[in-house]
Amino acid sequence: MTIEVKNIVKKFGSFAALDNVDLKVDQGELLALLGPSGSGKTTLLRIIAGLDWPDAGEVLIDDEDALARGASERHVGFVFQHYALFRHMTVFENVAFGLRVQPRAIRKDEATIRARVKELLDLVQLDWLSDRYPSQLSGGQRQRIALARALAIEPRILLLDEPFGALDAKVRKELRQWLRSLHSEIHVTSIFVTHDQEEALEVANRVVVMDKGRIEQIGTPGEVYDHPATAFVHGFIGESIVLPVDVSGGSVRLGGRPLNIAANGAASGASKLFVRRHDMHIGPAGSGSLEGAVRHVRSFGPIQRAEVALSDGEGKTVIEIDAPRDRELQAGEIVSLQPRRYRIFAAQD
Amino acid sequence: MSIAVARRSSLPGFGLTMGLTLTWLSIIILLPLAGLFLKTFELSLDQFWGIITSRRTLNALKISFGLSFLAALVNLVMGTIIVWALVRYRFPGRRLFDAIVDIPFALPTAVAGVALTQLFAQKGWLGAPLAELGIKVAFTPIGIFIAMVFIGIPFVVRTVQPVLIDLDVEIEEAAASLGANRWHTVFRVILPSLIPALLTGFALAFARAVGEYGSVIFIAGNLPNVSEIAPLLIVIRLSEFRYADATAIAVVMLLASFLIIFAVNRLQRWAQTRIPAH
């Protein structure tokens with residue numbers, strides 16, 4: 001099933017939660033809406049679900065006007081951050097709810113409903129909990145039940161609002177992988193909202209990066225990470241070093257001193273140089289375009305993270321760099337730095 | 001063992017507060033009740049049985065408990081609707097209505113009784129049109145019922161209100177996204193979640209109505225066997241210096257109330273295990 005969102009505008013008072021948003025989701029996709037809080041991602045999801053209404057714009061589900069229908073008629077599965085399970089019902093009845101409230105004409109008989117619920121509980125691997133109440137489950141289990149409940153109505157699309165936001169880091173990680181494998185099994189067109197870039201990059205086929213009610217970039221996880229379209233995306237996804245530079249006539253200067261890098265067609269004027277922490281090459285003093293003193297080194301896993309105070313006159317600019325551990329850095333050492341891969345964006349971005 | 005644990009607790013003062021609690025509850029509640037029971041022992045079992053099975057006593061108890069039950073039921077339904085409107089909608093005067101709910105709490109019951117009697121008397125604002133329809137409210141059991149509804153309503157509203165406020169709007173949205181219409185959402189999702197609070201509100205309104213005296217006696221007419229409530233019968237017996245008779249009726253009321261509250265409590269406990277607060 002496809003989803004198409006056209007020119008959606010939604011205002012809360014004078015605050016534009018969504019500012020002319022266009023989005024197309026293809027059949028069977030697992031799409032992530034990624035952005036900081038207040039970026040409008042949850043509002044967009046709720047509008048698609050029919051839980052909120054836009055001030056202007058169109059929502060088409062399978063080329064059919066979705067705004068003409070309320071949430072209960074859209075046949076859209078929705079999973080809430082805080083599960084929203086019915087606490088007076090057993091796990092079984094929670095999952096069965098969507099089947100039991102169907103109009104009499106299409107409602108299945110009891111045996112079919114039971115079989116279907118059993119099947120779904122098997123799918124989320126929690127059939128052994130069917131007689132428990134939600135309060136007796138862990139957070140991760142509750143969210144899996146919430147997912148089973150949403151899938152019970154055989155939704156045309158599945159929407160998940162920060163589905164793992166309330167869980168601890170380890171459970172989160174497990175559920176991420178589980179969601180991805182579940183999606184490849186059932187293949188329902190899905191959108192999930194997250195503020196966690198790692199989650200978005202790891203789970204989704206495509207990532208939509210949002211900020212201040214606008215879409216900044218749409219692309220595969222690789223594209224948004226390696227080729228960020230805007231300064232916001234570069235800063236939001238992955239850890240970046242940001243340095244204020246001046247571009248003039250193809251040369252790049254930091255604090256008046258020229259850097260030995262190409263402007264790559266960046267327009268002249270005040271700009272920002274973005275470099276990933278691990279894209280900054282560390283060499284012996286005098287070998288690169290930047291120089292600095294190592295102030296502090298922390299080593300963990302395959303990398304060492306060094307705090308380097310740049311010798312840009314006052315030594316006030318301190319950046320963090322991830323270096324491989326093949327050469328141990330020492331605090332106090334003077335090193336030179338050379339960006340291997342970088343992007344330059346105009347400063348007003 | 002438990003005292004040893006309490007001593008090592010980071011909250012000092014267990015001994016003092018526990019002692020005060022027990023002493024206070026004994027003086028304020030248990031001692032008067034014990035006195036009540038002791039007084040009835042002045043009667044032989046036959047006398048006791050004679051008093052409580054006399055026609056007038058039985059009728060008074062029936063009126064008190066029966067009408068209280070009905071009034072609590074009406075309060076349960078109306079109170080829930082009022083809570084819904086107060087919590088879910090924003091309308092002009094909402095805070096005023098919210099405050100009005102508390103009036104029966106604050107009003108001296110005699111004042112309420114006089115006001116209701118005026119209103120429902122044959123020439124009162126509501127009494128006159130009702131009389132034309134052939135319905136007589138003041139000085140009949142209907143009057144008692146109305147007084148009981150009046151004093152019971154805040155108990156239901158104030159018990160259910162915070163629970164409905166806490167009820168997550170998300171569960172309604174979840175129900176809607178699963179295809180439930182309003183009817184299903186209200187009767188399968190919202191009301192069942194409120195059951196423990198509804199039971200508490202009902203029990204409180206009921207208990208208050210059983211014990212109500214001031215507002216009822218003005219409007220009741222107090223005809224023996226017809227519109228005489230049990231608390232009034234107790235007062236009458238006392239004024240006749242038949243103290244043992246009075247306490248016998250009181251003991252029956254006490255036991256009946258206790259049984260009913262106990263039953264509601266069990267029901268509530270049962271509902272609570274199924275619907276924990278969080």
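All values below were derived from every heavy atom in this structure, side-chain atoms included, with hydrogens, water molecules and symmetry-related copies excluded.
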> Going through the distances and angles, do Ile171(B) and Phe80(A) end up as a side chain to side chain contact (heavy atoms under 4.5 Å, CB included)?
Replying inline: CA-CA 9 Å; Ile171(B) 72 161; Phe80(A) 296 83; over 6 Å; no

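Between Ala84(A) and Ala174(B), the closest heavy-atom pair is O-CB, 3.9 Å. When every heavy atom of Ser72(A) is checked against every heavy atom of Ala180(B), the shortest pair comes out as CB-O, 3.5 Å.
Of the atoms belonging to Leu167(B), it is side-chain heavy atoms, and not backbone ones, that fall under 4.5 Å from chain A. Within the 4.5 angstrom heavy-atom criterion, only side-chain atoms of Phe97(A), from C-beta onward, approach chain B.
With sequence neighbours left out, the side-chain contact (heavy atoms from CB on, under 4.5 Å) criterion links Val171(A) to Leu167(A), Asp168(A), Leu175(A).
Within 6.0 Å of CZ on Arg95(B) lie no more than 12 heavy atoms contributed by other residues, nucleotides or ligands. Atom CZ of Arg90(B) is surrounded by more than 12 heavy atoms from other residues, nucleotides or ligands within 6.0 Å. In this structure, Phe91(B) places its CZ atom where more than 12 heavy-atom neighbours from other residues, nucleotides or ligands lie under 6.0 Å away. Other residues, nucleotides and ligands place no more than 12 heavy atoms under 6.0 Å from the CZ atom of Phe69(B). Environment of CZ in Phe12(A): crowded, with over 12 heavy atoms of neighbouring residues, nucleotides or ligands closer than 6.0 Å. Other residues, nucleotides and ligands place no more than 12 heavy atoms under 6.0 Å from the CZ atom of Phe97(B). Within 6.0 Å of CZ on Arg69(A) lie no more than 12 heavy atoms contributed by other residues, nucleotides or ligands.
Atom OG in Ser177(B) sits 10.5 Å away from atom CZ in Arg46(A) (nearest 0.5 Å). Note that CD of Glu173(B) and CG of Asp52(A) are 7.5 Å apart. Values are rounded to the nearest 0.5 Å. Atom CG of residue Asp168(B) and atom CG of residue Leu85(A) lie 11.0 Å apart, to the nearest 0.5 angstrom.
Most heavy-atom pairs under 4.5 Å with chain B: of the set His75(A), Arg100(A), Gln136(A), this distinction falls to Arg100(A).
With hydrogens and angles disregarded, a donor-acceptor distance shorter than 3.5 Å links the side chain of His88(A) to the backbone of Arg188(B).
Two residues are said to be in side-chain contact when any heavy atoms from C-beta on lie closer than 4.5 Å; Leu178(B) and Phe86(A) meet this criterion.
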